[in-house]
Amino acid sequence: MANLYAVDYKIRHVTLPAKLTNVATAGGKMRVLYDTYTVVTADLEDDVVFFGRLPEGAKVWDASIYNSATLGSGSTMDLGWQAVVSGGSTDTDGFLDGVPGTATTTTYFMRGGADVHTNNLNAMSNAPVAIADEADVVCTLLGSDPAAGVILQCMVMYSID
């Protein structure tokens, strides 16, 4: 039987001389970014909602978006990030791409759609996502205008330091 080593384990505990691994991956502090937005006007098609800011070097492990009511027929949401300074890393659908807004639901970056047991449409296999530059977490509303009063909730779990 052979011993097999994961990348960081090998760097830290097998290879000599041992090297330190990225603290956001091993031993970093897990943090939560959470915010809500309530639709005030029904004229939001293709608008962008800013939910918070991730620090440079953050590693995103999970993210979710919740809508309290339907956003309209044919509506979708993208969840990702936008660099704070021009020229930085931007991927406005880097966490979730094309989340259906046609029903009340929570969609998860790591686990997929509203019913995590049967709908794995939006599951990502490349977590964690490393955020190279300071970036805003953004949700783009696509397809139709949601009614006033719809609540959007965004949660991002990330590690750093």
Side-chain angles (χ1 to χ4, degrees), residues 3-39 44 46-68 71 75-101 105-117 119-143 146 150-161:
N3 292 329
L4 306 173
Y5 304 108
V7 174
D8 285 344
Y9 184 92
K10 186 174 182 178
I11 290 170
R12 182 75 174 127
H13 302 289
V14 177
T15 305
L16 295 175
K19 296 180 182 172
L20 295 177
T21 53
N22 184 324
V23 72
T25 305
K29 295 177 184 173
M30 191 65 102
R31 298 172 188 239
V32 176
L33 181 154
Y34 173 84
D35 208 347
T36 64
Y37 174 78
T38 302
V39 175
L44 291 179
D46 298 334
D47 283 359
V48 177
V49 179
F50 288 75
F51 278 105
R53 190 164 284 177
L54 295 170
E56 176 183 335
K59 288 196 175 199
V60 175
W61 298 92
D62 200 1
S64 66
I65 190 76
Y66 164 80
N67 52 297
S68 66
L71 299 176
S75 63
T76 61
M77 296 178 286
D78 291 345
L79 185 65
W81 68 93
Q82 179 176 309
V84 174
V85 293
S86 66
S89 172
T90 294
D91 190 346
T92 57
D93 62 2
F95 301 137
L96 292 166
D97 183 14
V99 174
T105 188
T106 302
T107 304
Y108 298 92
F109 164 63
M110 288 293 295
R111 296 182 296 274
D115 182 345
V116 297
H117 301 292
N119 179 2
N120 209 23
L121 210 62
N122 296 298
M124 301 285 287
S125 60
N126 60 344
V129 171
I131 305 298
D133 307 297
E134 185 178 37
D136 290 320
V137 174
V138 294
C139 176
T140 308
L141 305 172
L142 304 162
V150 174
I151 299 169
L152 301 176
Q153 296 176 349
C154 176
M155 185 271 311
V156 177
M157 306 261 319
Y158 68 97
S159 63
I160 195 158
D161 58 77

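Heavy atoms only: backbone and side chains are in, while hydrogens, waters and symmetry mates are out.
- Listed here is the closest heavy atom pair of Val48 and Val138: CG1-CB, 3.6 Å.
- Taking the six-membered ring for Trp and thresholds of 30 and 60 degrees, Tyr9 and His13 have ring planes inclined between 30 and 60 degrees apart.
- Atoms NZ and CG, from Lys10 and Leu4 in turn, are 10.0 Å apart once rounded to the nearest 0.5 Å.
- Interatomic distance, Tyr66 OH to Met77 CE, rounded to the nearest 0.5 Å: 10.5 Å.
- Taking the side-chain contact (heavy atoms from CB on, under 4.5 Å) definition, one finds that Arg53 meets it with Val84, Glu134, Asp136, sequence neighbours left out.
- Checking side-chain atoms of Thr90 against main-chain N and O of Ala83 turns up a donor-acceptor pair under 3.5 Å.
- In plain terms, the two heavy atoms of Cys154 and Ile65 that are nearest each other are CB-CD1, 4.0 Å.
- Considering every non-hydrogen atom in both Cys139 and Leu79, the closest pair reads CB-CD1, 4.1 Å.
- Distance CD/Gln153 to OG/Ser68: 8.0 Å, rounded to 0.5 Å.
- Looking only at side-chain heavy atoms (C-beta outward), Tyr37 and Phe50 stay at 4.5 Å or farther from each other.
- Of all the heavy atoms in Ile160 and Glu56, the pair that sits closest is CD1-O, 3.2 Å.
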Show your reasoning for whether side chain to side chain contact (heavy atoms under 4.5 Å, CB included) applies to Tyr158 and Ile131. CA-CA 10 Å; Tyr158 68 97; Ile131 305 298; over 6 Å; no
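- Side-chain atoms of Asn67 never come within 3.5 Å of backbone atoms of Leu152 as a donor-acceptor pair (strictly under, hydrogens ignored).
- For Arg31, the salt bridge (charged side-chain N to carboxylate O under 4.0 Å, His left out) partners at least two apart in sequence or on another chain are Asp161.
- No side-chain heavy atom of Thr140 sits under 4.5 Å from any side-chain heavy atom of Asp93.
- Although no hydrogens or angles enter the test, the distance criterion places no donor-acceptor pair under 3.5 Å between the side chain of Asp91 and the main chain of Gly80.
- Taking every heavy atom of both residues into account, Thr36 and Tyr34 meet most closely at CG2-OH, 3.2 Å.
- Here OH of Tyr5 is found 14.5 Å from CD1 of Ile11. Values are rounded to the nearest 0.5 Å.
- Atoms CE and CZ, on Met155 and Phe51 in that order, are 12.5 Å from each other to the nearest 0.5 Å.
- For Thr76, the side-chain contact (heavy atoms from CB on, under 4.5 Å) partners at least two apart in sequence or on another chain are Leu142.
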